[in-house]
Amino acid sequence: MKVRATRKLPGSAWAELDQVEITPADVPGPDVEILVVVNEPVDLTLYPSLRLIANYSVGYDRIDVPAATARGVAVSNTPGVLDAATADLAMALMLAARRGLVAGDRIVREGGWAGLRDGREVSGATLGIVGLGRIGSAVARRAAGFDMRILPVRRSEGDLEAVLRDCDIVTLHVPLMAETRGLISRERLALLKDGATLVNTARGGVVDEEALVAELVSGRITAGLDVFAHEPHVPHELFDLPNVVLTPHIASDTIETRAAMTRVVVDNVLAFSRGEPLPNPV
Ligand code: NAP
């Protein structure tokens, strides 16, 4: 089957696919049957022969799955293999935001030595986990090692408002979809305690970004943010703030996890090519 990818993926498994054309997604591919993307939108009219979109990401919020299904195009993703790396980054952002890691590093590099004085505890803190799926559960396991009290919010249980009010730290792990877009609204952000920390390694669109920026500018809360509403744009108001730690969507970005994600993509492409069931259908 004719395979195209929007980029070459890292790791040894990639070599098991032969003759992959590397081309941006917006170039017409009349004979492309399998398209490997990194959560980029796909204009299906450019791909009349397409049968599979193999997504190199667990989140598929930029892929129009209903439109693909209507055209008989299957979609696969990479669940599970990135849970540990993503949960690790959520913990790192919690620690960095609450313990002044980035500000402290800057002080030392600038030749200073003054203490920060406004660090907040992570150990023993009350942690709200919004979305207790694969990654949220991996965060819960790590948080247990920090003696944290965990208040989960599942789709069907847990009172989001109460959790926002009660927690020292809130970490987001829901997928971005119609139901979760803007879930952490201006009104809900206002429920966070003074000095609370919001960690977002899910998707920027889950939070009202304008309202979050206003809360951070006011200095009332702190945050650790790996994702933004309009990536790669990051609101410039955040750049000089000491109470927010920023990373460029790197939660799954370790050599080991990226190679494991490529393995999953390749397994889906090979299974589909052989007419076997997809290991990871969306
Ligand atoms: P998952 O296993 O599907 O977990 C998502 C959880 O969110 C599910 O338990 C789901 O409940 C729950 N949920 C959905 N809507 C909810 C709502 N309104 N309120 C509360 N809970 C809700 O997904 P995952 O593998 O953990 O991944 C989660 C997301 O993380 C991905 O979709 C992706 O966007 C993001 N992510 C980001 C990075 C990064 O690089 N920053 C890396 C990996 C993943 P149900 O089971 O009832 O549906």
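Whatever order the structure lists ligands and atoms in, that order sets their numbers, starting from 1. Since we're looking at a predicted model, the values are computed, not measured.
Given atom 3 (O) of ligand 1, the protein heavy atom at minimum distance is Arg134 NH2, 3.6 Å. In terms of protein heavy-atom proximity, atom 35 (C) of ligand 1 is closest to Ala202 O, 3.7 Å. Counting only heavy atoms of the protein, atom 31 (C) of ligand 1 lies nearest to Val58 CG1, 3.9 Å. The nearest heavy-atom contact from the protein to atom 14 (C) of ligand 1 is Met177 CE, 3.6 Å. In terms of protein heavy atoms, atom 16 (C) of ligand 1 is closest to Val174 CG1, 3.7 Å.
Note that NZ of Lys193 is 13.5 Å distant from CD1 of Ile221, once rounded to the nearest 0.5 Å. Taken to the nearest 0.5 Å, the CG atom of Asp88 stands 8.5 Å off from the OG1 atom of Thr254. Here the CD-CG distance, from Glu209 to Leu216, works out to 10.0 Å after rounding to the nearest 0.5 Å.
Between Arg258 and Leu9 there is no side-chain heavy-atom pair separated by less than 4.5 Å. Annotation: side chain of Met1 is in contact with side chain of Phe272 (closest heavy-atom distance under 4.5 Å). With a 4.5 Å cut-off on side-chain heavy atoms, Thr197 and Arg120 do not count as touching.
Residue contact check for ligand 1: Leu176 places no non-hydrogen atom closer than 4.0 Å to it. Contact between Pro79 and ligand 1 is absent, with no heavy atom of the residue lying under 4.0 Å from the ligand.
Under the 4.5 Å side-chain heavy-atom criterion for ILVMFWY residues, no single connected hydrophobic cluster contains both Val58 and Val227.
Checking only distances, Ile135 does come within under 3.5 Å of ligand 1, N or O to N or O. Where the criterion is an N or O separation shorter than 3.5 Å, residue side chain and backbone included, His249 meets it with respect to ligand 1. Taking any N or O of Thr201, backbone or side chain, at least one lies under 3.5 Å from an N or O belonging to ligand 1. Checking only distances, Asp61 never comes within under 3.5 Å of ligand 1, N or O to N or O.
Applying the 4.0 Å criterion to heavy atoms of Ser252 picks out, from ligand 1, the atoms 40 (O). Here is the list of ligand 1 atoms found below 4.0 Å of a heavy atom in Val227: 41 (N). Heavy-atom contacts of Thr180 reach the following atoms of ligand 1: 15 (N), 18 (N) (cutoff under 4.0 Å). Contact atoms of ligand 1 toward Pro175: 5 (C), 7 (O), 14 (C), 32 (O) (distance under 4.0 Å to a heavy atom of the residue). Within ligand 1, counting atoms from 1 as listed, the ones closer than 4.0 Å to a heavy atom of Asp226 are 39 (C), 40 (O), 41 (N). Per-residue contacts place Val153 under 4.0 angstrom from the following atoms of ligand 1 (heavy atoms of the residue considered): 20 (C), 21 (N).
With hydrogens and angles ignored, the 3.5 Å screen pairs no side-chain donor or acceptor of Asp61 with any backbone N or O of Met177. Using a distance-only test at 3.5 Å, with no hydrogens or angles considered, a donor-acceptor pair links the side chain of Asn268 to the main chain of Val264. A side-chain donor-acceptor contact under 3.5 Å links Ser218 to the backbone of Glu215. A donor-acceptor contact shorter than 3.5 Å is absent between the side chain of Asn243 and the backbone of Thr222.
Closest to atom 5 (C) of ligand 1 by heavy atom, among Glu179, Arg154, His173, is His173. If you check each of Ala251, Gly205, Gly131, Ala87 against atom 7 (O) of ligand 1, the one with the closest non-hydrogen atom is Gly131. Within the set Ala138, Gly133, Gly204, the minimum heavy-atom distance to atom 8 (C) of ligand 1 is found for Gly133.
Summarising the local packing, CZ of Arg263 is surrounded by more than 12 heavy atoms from other residues, nucleotides or ligands at distances under 6.0 Å. Heavy-atom neighbours of Ile22 CD1 from other residues, nucleotides or ligands within 6.0 Å: above the threshold of 12.
Here Leu132 has backbone heavy atoms under 4.0 Å from ligand 1, and that is the only part of it that gets that close. With a heavy-atom cut-off of 4.0 Å, Thr86 touches ligand 1 through its side chain alone. Residue contacts with ligand 1 for Arg155 involve both N, CA, C or O and side-chain atoms from C-beta outward (heavy atoms, distance under 4.0 Å).
Distances from atom 46 (O) of ligand 1 to the protein include no heavy-atom value under 4.0 Å.
Side-chain N/O atoms of Tyr47 and Arg4 include a donor and acceptor closer than 3.5 Å.
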